[in-house]
Amino acid sequence: MLVLSRKAEESMFIGDDIKITVLDIRGGQVRIGITAPQDIKIHREEVYDRINQEV
């Protein structure tokens, strides 16, 4: 696992077309924004697990 430190309003890229931006940090929560092509599916882990259990 790659671990990176970012401050609010800082970003990172995955490949050339997925951008992850830290929007806000409050207490124990981090708000992130994800910019990616529409054909890339993005799910929270608990939703992803539920989808895979149904298959």
Side-chain angles (χ1 to χ4, degrees):
M1 174 188 302
L2 173 65
V3 178
L4 300 172
S5 297
R6 300 276 75 200
K7 297 177 183 176
E9 304 302 322
E10 292 183 338
S11 300
M12 65 194 83
F13 279 87
I14 300 174
D16 292 328
D17 54 0
I18 300 174
K19 181 180 180 181
I20 310 293
T21 303
V22 176
L23 301 175
D24 191 25
I25 304 168
R26 291 185 189 171
Q29 289 191 329
V30 176
R31 292 182 64 225
I32 60 170
I34 303 169
T35 304
Q38 289 187 349
D39 62 322
I40 301 291
K41 295 179 182 180
I42 302 170
H43 300 289
R44 295 181 315 230
E45 183 177 19
E46 63 273 16
V47 173
Y48 180 82
D49 290 343
R50 202 171 334 133
I51 291 169
N52 286 325
Q53 288 175 358
E54 295 172 359
V55 174

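Worth knowing before you read on, the calculation uses all heavy atoms, side chains too, and leaves out hydrogens, waters and symmetry mates.
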> If you take all heavy atoms of R6 and S11, which pair is closest and at what distance?
Replying inline: NH1-O, 3.1 Å
>> Please give me the minimum heavy-atom distance between V22 and K7, naming the atom from each residue.
In response: CB-O, 3.6 Å
Interatomic spacing from [atom1] in [X] to [atom2] in [Y] - rounded to 0.5 Å:
{"X": "K19", "Y": "I14", "atom1": "NZ", "atom2": "CD1", "answer": "13.0 Å"}
{"X": "I20", "Y": "I34", "atom1": "CD1", "atom2": "CD1", "answer": "4.5 Å"}
{"X": "R50", "Y": "E45", "atom1": "CZ", "atom2": "CD", "answer": "12.0 Å"}

>> Given 3.5 Å as the limit, does a donor-acceptor pair link the side chain of R31 with the main chain of L23, or not?
In response: no
Under a 4.5 Å cut-off applied to non-hydrogen side-chain atoms, are [X] and [Y] in contact?
{"X": "E10", "Y": "T21", "answer": "no"}
{"X": "T35", "Y": "I18", "answer": "no"}
{"X": "H43", "Y": "K41", "answer": "yes"}
{"X": "V3", "Y": "M1", "answer": "yes"}

>> Are I40 and F13 connected into the same hydrophobic cluster when the rule is that any two of I, L, V, M, F, W, Y join if their side-chain heavy atoms are below 4.5 Å apart?
In response: no
>> According to a hydrophobic-cluster definition based on side-chain heavy atoms being under 4.5 Å apart (Ile, Leu, Val, Met, Phe, Trp, Tyr only), do I32 and I42 belong together?
In response: yes
> Should the heavy atoms of other residues, nucleotides or ligands under 6.0 Å from CD of E46 be counted, would the total exceed 12?
Replying inline: yes
>> E54 vs N52, test: side chain to side chain contact (heavy atoms under 4.5 Å, CB included). Steps then yes/no.
In response: CA-CA 5 Å; E54 295 172 359; N52 286 325; over 6 Å; no
